[in-house]
Amino acid sequence: MAMGAMDWTVPQNWAGYTPAEHNVWTTLYRRQISMLPGLACDAFLQGLEKLDLSAGIPDFAELSDRLASLTGWRVVAVPGLVPDDVFYDHLANRRFPAGRFIRTRDQLDYLQEPDVFHDVFGHVPMLTDPVFADYMQAYGQGGLRALGMGRLRNLARLYWYTVEFGLLETTDGLRIYGAGILSSATESRFSLYDPSPDRIAFGLKRVMRTPYAINDFQKLYFVVRSLQSLLDVTVQTDFAPLYADLAVLPDIPIGTILQEDHVLSPRRHTGENMTRV
Ligand code: PHE
Ligand code: FE
C-alpha cells in the first residue's frame with residue numbers, strides 16, 4: 001500500500017501540533033480535572049494520575065510506553081473512523097486507535113466525531129485499570145467473532161452503553177466510567193444528577209436489545225455493579241446463543257422500561273458537587 005498501513009494507522013506527527021491546538025487540550029483538560037473528582041470512578045482518576053496528561057496533547061509513542069508498562073496497552077493514531085474488522089483487531093491486540101486531530105476553540109463543548117481529547121483523555125486512563133484493560137481486549141475478540149456471525153449491531157450496543165456511556169455503582173453512589181461522558185463537561189454532571197434520563201441496572205441481553213441515539217446527552221444509562229462483574233459476565237457468557245435469540249427478539253426502544261428492569265435513582269446534590277446541571 002502506498003499510503004498508510006494495512007492496519008490504518010498513521011503517524012501522529014506530534015511535532016506538527018500548533019501551540020493553539022495544545023491550548024485547546026489544556027483548556028479542556030483543566031475544566032475536566034477540576035470537575036471529575038467525586039464524579040468519575042476511582043479507576044479513571046487513578047489512571048489520570050498515573051499518566052499525567054496535563055502538558056498538552058500527549059505524544060502517543062511516549063504515552064504508550066507508560067501505558068504499556070502498566071497494562072500492556074498502546075495508543076496508535078488513525079485518521080478517523082476505521083473499518084470494523086480493523087478496529088476490533090486493534091483492540092484484540094491491546095492497541096487503542098485514537099484520532100490525532102483536535103477540536104477547534106468554538107467546539108469545546110460538543111462535537112460528534114471523536115477527536116484526540118475524547119479518545120485519549122476519555123478512554124486511555126481506564127486502560128490503566130487491569131480489569132478494564134482485559135475487558136477492552138476481550139471486547140475486540142468478541143467483535144471479530146460477532147462480525148463473522150453478522151451480529152455487530154447488537155455488540156456495538158454493548159460498547160456504547162459500557163465503554164462510552166457506562167455508569168458504575170459504588171458504596172459512595174453512582175460514578176462514571178464511560179469515556180463519552182468523561183470527556184464532556186456538561187454530560188458528566190447530567191449523567192449522575194439530572195432527573196430526566198433513565199438509569200437501569202446492566203443486563204447483557206437487555207443492553208444488546210437497546211438501540212442507541214447519537215445525541216449530545218443520553219436519555220438512558222446502564223449501571224454496572226463493578227468493572228469486575230462486567231468483565232466476568234461478558235467473558236464467561238458465550239454470545240453465540242445470545243445472538244441467536246437476539247436475531248428474533250424485538251428491540252427495546254429508549255424510553256421503554258420493562259417490568260424486570262431495576263431502575264436506579266440519580267444522585268442528589270450534596271457538598272462540593274452542588275453545581276447546577
Ligand atoms: N464472550 C463473548 C463471545 O462469546 C466475547 C466478548 C467478551 C464480547 C467481552 C464482549 C466483551 O462472543
Ligand atoms: Fe469513544
Side-chain angles (χ1 to χ4, degrees), residues 28 32 40 44 47 73 75-82 84-85 87-103 110-127 129-166 176-184 187-188 191 202-209 212-216 218 221-222 224 226-247:
L28 290 164
Q32 288 311 89
F44 181 84
W73 275 81
V75 180
V76 294
V78 290
L81 289 182
V82 300
D84 293 323
D85 60 326
F87 180 69
Y88 292 124
D89 187 66
H90 278 304
L91 296 186
N93 289 286
R94 293 198 177 231
R95 290 187 303 266
F96 188 75
R100 54 166 309 281
F101 82 99
I102 190 145
R103 69 194 73 183
Y110 185 70
L111 81 168
Q112 201 152 69
E113 59 284 315
D115 72 340
V116 64
F117 187 77
H118 166 77
D119 279 339
V120 173
F121 182 91
H123 285 284
V124 176
M126 287 303 294
L127 293 173
D129 181 81
V131 172
F132 195 81
D134 285 354
Y135 174 65
M136 285 289 274
Q137 178 179 20
Y139 184 90
Q141 292 160 344
L144 295 171
R145 189 169 183 229
L147 191 63
M149 296 193 279
R151 300 312 306 174
L152 270 195
R153 214 168 131 270
N154 297 113
L155 190 73
R157 294 168 177 176
L158 180 63
Y159 192 90
W160 186 266
Y161 285 117
T162 61
V163 179
E164 294 292 354
F165 292 98
I176 309 160
Y177 73 94
I181 309 174
L182 292 165
S183 60
S184 159
E187 192 159 359
S188 294
S191 67
F202 178 88
L204 199 48
K205 202 180 213 172
R206 176 68 167 87
V207 166
M208 290 204 278
R209 286 182 66 188
Y212 56 87
I214 311 179
N215 301 320
D216 48 359
Q218 298 294 305
Y221 300 97
F222 284 97
V224 296
S226 64
L227 297 174
Q228 186 69 53
S229 70
L230 174 64
L231 177 67
D232 289 347
V233 71
T234 49
V235 166
Q236 288 163 16
T237 306
D238 178 1
F239 283 19
L242 217 52
Y243 290 144
D245 292 350
L246 290 165

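Being a predicted model, the structure only gives us computed values, none of them experimental. Order of listing sets the numbers, starting from 1, for every ligand and every atom in it. Keep in mind that the numbers below use all heavy atoms, side chains included, and drop hydrogens, waters and symmetry copies.
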Under 4.0 Å between a side-chain nitrogen and a carboxylate oxygen: does that hold for Arg209 and Asp245? no
Check each atom of ligand 1 against the heavy atoms of Asp238 and keep those under 4.0 Å away; list them by number with element. 4 (O)
Backbone or side chain, does Glu164 get an N/O/S atom under 2.8 Å to the Fe ion (ligand 2)? yes
For ligand 1, which atoms, with element, lie under 4.0 Å from some heavy atom of Ala138? 6 (C), 7 (C), 9 (C)
Report the distance from atom CE of Met149 to atom OH of Tyr243, rounding to the nearest 0.5 Å. 5.5 Å
For Tyr139, the atoms of ligand 1 under 4.0 Å from one of its heavy atoms are 9 (C), 10 (C), 11 (C)
Examine distances only and state if a side-chain atom of Glu164 and a backbone atom of Ala179 form a donor-acceptor pair shorter than 3.5 Å. no
For ligand 1, which atoms, with element, lie under 4.0 Å from some heavy atom of Leu158? 10 (C)
Just checking, any donor-acceptor pair under 3.5 angstrom between side chains of Tyr135 and Thr162? yes
With respect to atom 11 (C) of ligand 1, which of Val235, Thr237, Thr234 exhibits the smallest heavy-atom separation? Thr234
Atom 5 (C) of ligand 1: nearest protein contact (heavy atom, Å): Gly142 CA, 3.7 Å
Among Tyr159, Phe239, Tyr243, whose heavy atom sits nearest atom 8 (C) of ligand 1? Phe239
Tell me if a side-chain donor or acceptor on Trp73 pairs with a main-chain N or O of Ala133 at a distance below 3.5 Å. yes
Just to be sure I'm reading this right: ignoring hydrogens, which of Met208, Met149, Arg145 gets closest to atom 4 (O) of ligand 1? Compare them by their nearest heavy atoms. Arg145
Give a yes or no on whether a salt bridge exists between Asp89 and Arg95, defined as a side-chain N under 4.0 angstrom from a carboxylate O. yes
Tyr139 and its side-chain contact (heavy atoms from CB on, under 4.5 Å) partner, picked from Val163, Leu231, Leu158: Leu158
